[in-house]
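Structure first, then comments.
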Amino acid sequence: MREVRIRDTMSGELLTLGTDEEIGIYACGPTVYSRIHIGNARPFVIFSLLARFLRSEGYGAKLAINVTDVNDKIYTAAAGRGVSSTELAAEMTAAYFEDTGRLGIGRPDSEPLATETIGPIIDLIATLVEEGHAYESGGDVYFAVRSFDGYGKLSHRPTEEMEQGEGDDAGSLKRDPLDFALWKAKKDGEDLSWESPWGPGRPGWHIECSAMAEAELGQPFTIHGGGSDLVFPHHENEIAQSEAARGEQLARIWMHNGMIETGSEKMSKSVGNIFQLSEALDAYGAETVVAYLISGHYRQPLAFGEGPLEQAAAGNERLRNFLRENPPAGAGEGVPGDEAAAAGSRFRDALADDFNTPRAMREAFDLVRAVNQRPDDPALAGAGTVLAGMLELVGLESLATGGEEGPGDEALELLEARNAARADKDWARADEIRDSLAELGWEVRDGAEGARLVPRS
RNA sequence: GGCGCCUUGGCGGAGUGGCUACGCAGCGGCCUGCAAAGCCGUUUACACCGGUUCGACUCCGGUAGGCGCCUCCA
C-alpha cells in the first residue's frame with residue numbers, strides 16, 4: 001500500500017491519505033441542461049480512475065458523483081425548447097449516463113440526483129436557519145455569509161474584496177450582497193417546485209451538493225473534487241453551508257481538475273462541434289478519449305483539438321502493437337523480471353504522487369521501448385503482463401484485452417497464398433494479395449517468424 | 001480592478017538547482033523483396049528582463065502574454 005498524496009487546493013499542500021481511513025470522494029457532476037461536453041468528462045474520468053487506483057492499493061474508497069438536475073439553467077433551457085424542465089432533466093441525465101458509460105471505465109459507487117435529495121436539502125437549510133446562519137426573505141432563504149468566519153478560505157478571497165465587485169443589488173431580498181440563495185421561492189412559469197417551511201420553491205445552486213455529499217459519505221469525508229471553475233463560489237459556498245450547519249469540516253482535501261482549453265485554435269466546422277463527449281467518442285472512440293484525458297496532469301489545463309486527440313490515438317496504437325507481440329500472461333502465470341516489475345512499481349509511484357498520469361505513462365512507454373530493444377532480456381520478462389496492469393489502472397485495459405477478432409477463413413487463405421507467392425519470389429502477386437487483405441481490413445506484417453495479420457487501424 | 005493559476009522543442013505534455021522525460025509528427029539511417037511494426041540518430045526546448053548561485057529551464061523580483069473565477073437569473 002503506497003502513501004498517496006494529493007494536492008489540496010485550500011492549503012496548496014500535498015496531503016497524505018490515511019491508510020486506514022475510508023476514502024470518501026465526492027466529485028461535482030454536471031448540471032444536466034444539455035449534453036455534456038468533453039470538459040465535463042475530465043473530472044468523471046480522473047476521479048473514477050483515482051478511486052480505482054486507491055482500491056488497487058488496498059484503500060477503502062467510495063466515489064460519489066452527483067447529478068444536478070434542478071437549476072436555473074434547466075428551467076431556462078427547457079422553456080427554450082418547449083418541454084418541461086423535468087422532461088429535459090430526465091433526458092439529459094439519461095444522455096449523461098450513456099455518454100459517460102461509453103467511456104468504459106465503469107460507474108461511480110453512487111450517483112445521487114438533486115431532485116431525490118430534497119428532504120435532506122430542506123433539513124439542512126432548516127438547520128442553518130435555526131442556527132442563525134440563514135434567513136427567510138420573501139419566500140427565499142439566504143445564507144448569511146458574514147455569519148460564517150471561514151468564508152473565503154478555499155478560494156483565498158477576503159470578503160472585503162468581494163463586496164467591491166458587487167453590482168447594484170437594489171431589488172434584492174438579500175440582507176447583504178455577499179449572501180447567496182439556499183432556497184428560491186417558486187416563480188411564475190417555473191414548472192417544478194417542492195413544498196417547504198418557507199413555501200413552495202426549489203433549492204439554490206450550492207445546497208444540493210452539501211446535502212448529497214453528507215448523505216452519501218458522511219461529514220467530514222476525505223476528498224471533494226470537481227473542476228477548478230467550481231472553486232468559487234460553488235465549493236466555497238458548500239463549505240460555508242456544511243460547516244456552519246454541522247460545526248465540522250466538510251472535506252479534508254479539495255482536489256480540482258484544470259479546464260480543457262480550445263485556445264485560439266480555429267477549428268473547421270466539421271470538427272468544431274466535437275466538443276460534446278458523445279461526438280468525441282463517435283469520432284475517436286473511448287480508448288482515445290480516455291488516453292487523451294490522462295495525457296496531462298489533472299490539475300493543469302489541457303489543450304483540446306484534433307492534434308491532441310490524434311496523438312493520443314497514435315500513442316495507444318504503439319501500446320497496442322506492443323501488446324500484440326507481448327500478450328499478457330494469464331493470472332498467476334510467471335513472475336515478471338526485475339526491470340519490468342520496477343517499471344510497474346514506478347508507474348504506481350507516479351499515480352500515488354498527486355495522481356500524475358503523464359509521468360505514469362512515461363513508465364509504460366519506457367518499458368515498451370526497453371523490451372523492443374532487448375526482447376530476450378530476462379529482467380524484462382512478463383512486460384506484457386506488467387503493461388496490461390498499468391493500463392488497467394488508467395482505464396486503458398482494452399488495449400490489452402481489446403477482443404480483436406481473429407482473421408476469417410478468407411483472410412487466412414489469402415495469407416497462405418501470399419506466403420506461397422513470396423516463397424516463389426513473386427513479389428507482384430504477393431503485393432496484390434496484400435492489397436486484397438487490406439480491403440478485408442487486415443494489415444500484413446512480415447516478421448522473422450512469418451507473416452501475421454493485424455487489424456488495420 | 002480582485003483572487004487563484006499558467007507560459008517548455010513543429011504539436012501534446014512531464015520534471016529537476018548541474019545528468020535524454022515521454023508520446024505524436026518531420027527528416028536521415030538500420031531491418032524488410034517492398035512495406036508495416038520495431039530499433040538508432042536528429043534540427044543546441046524551457047516567454048522576456050534583472051537578481052541569487054560555482055552553476056537556473058528549475059529559486060527571487062519585475063515585464064509581457066494567456067486561463068479560470070469574481071455569485072445565485074444575463
Side-chain angles (χ1 to χ4, degrees), chain A residues 9 12 71-73 75-76 140 142-143 145 152 154-158 160-167 169 172 174 177-184 187 190 203-207 227-237 256 258-265 291-292 294-297 299-322 324-325 350 353 356-369 371-375 421-422 425-428 430-431 434-435 438 442-448 451-454 456-457:
Chain A
T9 304
N71 176 288
D72 295 335
K73 286 178 175 173
Y75 288 100
T76 307
D140 291 349
Y142 294 96
F143 184 88
V145 166
L154 176 67
S155 56
H156 311 106
R157 288 159 206 254
E160 311 83 65
E161 299 287 346
M162 286 181 235
E163 293 179 88
Q164 299 186 8
E166 196 65 27
D169 235 332
S172 175
K174 297 188 224 174
L178 291 180
D179 295 348
F180 58 88
L182 299 171
W183 187 261
K184 297 182 179 187
K187 292 181 181 57
E190 292 181 355
W205 173 30
H206 317 292
I207 194 71
S228 60
D229 56 346
L230 297 179
V231 172
F232 189 91
H234 186 57
H235 288 160
E236 194 72 70
N237 290 354
H256 292 102
M259 301 289 100
I260 305 260
E261 294 185 342
T262 55
S264 54
E265 180 181 3
Y292 161 71
I294 63 160
S295 69
H297 184 96
R299 305 189 95 239
Q300 301 304 135
L302 184 62
F304 178 82
E306 208 175 330
L309 265 309
E310 283 173 358
Q311 289 169 21
N316 276 350
E317 199 51 30
R318 178 170 167 81
L319 299 173
R320 199 195 318 271
N321 278 330
F322 177 84
R324 286 196 184 107
E325 302 298 328
D353 184 11
N356 195 325
T357 51
R359 211 176 86 205
M361 288 309 286
R362 168 210 165 151
E363 298 298 338
F365 283 107
D366 279 348
L367 177 63
V368 165
R369 179 157 30 75
V371 175
N372 284 332
Q373 286 170 324
R374 316 192 310 275
R422 292 188 71 221
K425 297 200 189 306
D426 185 353
W427 308 127
D431 291 348
R434 181 161 61 195
D435 291 341
W442 296 97
E443 182 178 301
V444 182
R445 292 185 183 168
D446 296 319
R452 57 182 302 174
L453 295 176
V454 166
R456 297 177 75 201
S457 52

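Just so we're clear, the structure is a prediction, and the values are computed from it rather than from any experiment.
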| request: Measure distances between side-chain N and O atoms of A/Arg434 and base N and O atoms of B/rA36, and say whether any donor-acceptor pair falls under 3.5 Å. | output: no
| request: Confirm from the modelled atom types if A/Asp431 and B/rG33 form a donor-acceptor pair under 3.5 Å, side chain to base only. | output: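 Indeed, a donor on one side and an acceptor on the other fall under 3.5 Å apart.
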Nucleotide [N], atom [atom2] - distance to [atom1] of [X] in whole Å:
X        : N      : atom1 : atom2 : answer
A/Asp229 : B/rC67 : CG    : C1'   : 11 Å
A/Arg299 : B/rG15 : CZ    : C1'   : 16 Å
A/Glu443 : B/rG38 : CD    : C1'   : 13 Å
A/Lys73  : B/rA74 : NZ    : P     : 14 Å
A/Arg320 : B/rG38 : CZ    : P     : 13 Å
A/Glu306 : B/rG10 : CD    : P     : 20 Å
A/Leu154 : B/rU71 : CG    : P     : 17 Å
A/His234 : B/rC70 : NE2   : C1'   : 16 Å

Expressed as a whole number of Å, how far does the [atom1] atom of [N] sit from that of [M]?
N      : M      : atom1 : value
B/rC60 : B/rC67 : C1'   : 24 Å
B/rU8  : B/rC59 : P     : 15 Å
B/rC70 : B/rA14 : P     : 25 Å
B/rC48 : B/rC11 : P     : 15 Å
B/rG28 : B/rA37 : P     : 16 Å
B/rC30 : B/rG66 : C1'   : 44 Å
B/rG17 : B/rA56 : P     : 15 Å
B/rU43 : B/rC5  : C1'   : 33 Å

What nucleotide among [options] has an atom nearest to a side-chain atom of [X]?
X        : options                : result
A/Trp427 : B/rG33, B/rG68, B/rC73 : B/rG33
A/Arg445 : B/rA37, B/rU71, B/rG13 : B/rA37
A/Gln300 : B/rA14, B/rC70, B/rG38 : B/rA14
A/His297 : B/rA14, B/rC73, B/rG12 : B/rA14

| Taking C-beta and beyond as the side chain, do A/Met361 and A/Leu319 meet within less than 4.5 Å on heavy atoms? | yes
| Heavy-atom side-chain contact between A/Met259 and A/Ser228 under 4.5 Å | yes
Enter the distance from [X]:[atom1] to [Y]:[atom2] here, rounded to the nearest 0.5 Å.
X        : Y        : atom1 : atom2 : result
A/Leu154 : A/His235 : CG    : NE2   : 8.0 Å
A/Glu443 : A/Arg452 : CD    : CZ    : 11.0 Å
A/Glu363 : A/Asn356 : CD    : CG    : 10.5 Å
A/Asn237 : A/Leu230 : CG    : CG    : 11.5 Å
A/Gln300 : A/Glu261 : CD    : CD    : 10.0 Å
A/Glu190 : A/Thr76  : CD    : OG1   : 8.5 Å

| request: Considering just the side-chain nitrogens and oxygens of A/Asn321, establish if one lies under 4.0 Å of OP1 or OP2 belonging to B/rA37. | output: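 No, outside the criterion.
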| said: If you compare every side-chain N and O of A/Asn356 against the phosphate oxygens of B/rG15 (OP1, OP2), does one of them come in below 4.0 Å? | reply: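 For A/Asn356, the contact criterion (side-chain N or O under 4.0 Å from OP1 or OP2 of B/rG15) is met.
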| said: Go through it in stages, so that I can follow the logic: the residues are A/Glu325 and A/Val454, the test is side-chain contact (heavy atoms from CB on, under 4.5 Å), and I'd like the CA-CA distance, side-chain angles, deciding distance and then a yes or no. | reply: CA-CA 11 Å; A/Glu325 302 298 328; A/Val454 166; 5.6 Å; no
| query | Between A/Pro301 and A/Thr9, which has a closest nucleotide on RNA chain B that is more 5'? | reply |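 Per heavy-atom nearest nucleotide, the more 5' residue is A/Thr9.
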| message | Pick the closest RNA chain B nucleotide for A/Val368 and for A/Ala430 by heavy atoms, then say which residue is nearer the 5' end. | response | A/Ala430
| task | Please lay out, stage by stage, how A/Arg320 and A/Phe322 fare under the test side-chain contact (heavy atoms from CB on, under 4.5 Å). | result | CA-CA 5 Å; A/Arg320 199 195 318 271; A/Phe322 177 84; over 6 Å; no
| query | Taking only Watson-Crick and G-U wobble pairs with both distances under 3.5 Å, what dot-bracket line describes RNA chain B, where [ ] shows pairs that cross earlier ones and | shows pairs with another strand? | reply | (((((((..(((.....[...))).(((((.......)))))....(((((..]....))))))))))))....
| What orientation do A/His234 and A/Trp205 show, parallel under 30°, tilted 30 to 60°, or perpendicular over 60°? | parallel
| query | Is the A/His206 ring parallel, tilted or perpendicular to the A/Phe180 ring (thresholds 30°, 60°)? | reply |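 Rings of A/His206 and A/Phe180: perpendicular, over 60°.
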| message | For a quick check of understanding: with a heavy-atom distance under 4.0 Å over all strands, which category does A/Leu230 fall into, base, sugar-phosphate or nothing? | response | nothing
| task | Check every strand shown and say whether A/Asp179 touches a base, only sugar-phosphate, or nothing at a heavy-atom separation below 4.0 Å. | result | base
Pick out the pairs of N or O atoms, protein on one side and nucleotides 57-59 of chain B on the other, that lie under 3.5 Å.
none

| Could you walk me through whether A/Trp183 and A/Ile207 pass the side-chain contact (heavy atoms from CB on, under 4.5 Å) check? | CA-CA 8 Å; A/Trp183 187 261; A/Ile207 194 71; over 6 Å; no
| query | How does protein reach along nucleotides 20-32 of chain B, written 5' to 3' as B (base within reach of a heavy atom under 4.0 Å), S (only sugar-phosphate), or - (no contact)? | reply | -BSBS--------
| task | Give a yes-or-no answer on whether the side chains of A/Asn321 and A/Arg318 include a donor-acceptor pair shorter than 3.5 Å. | result |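 No.
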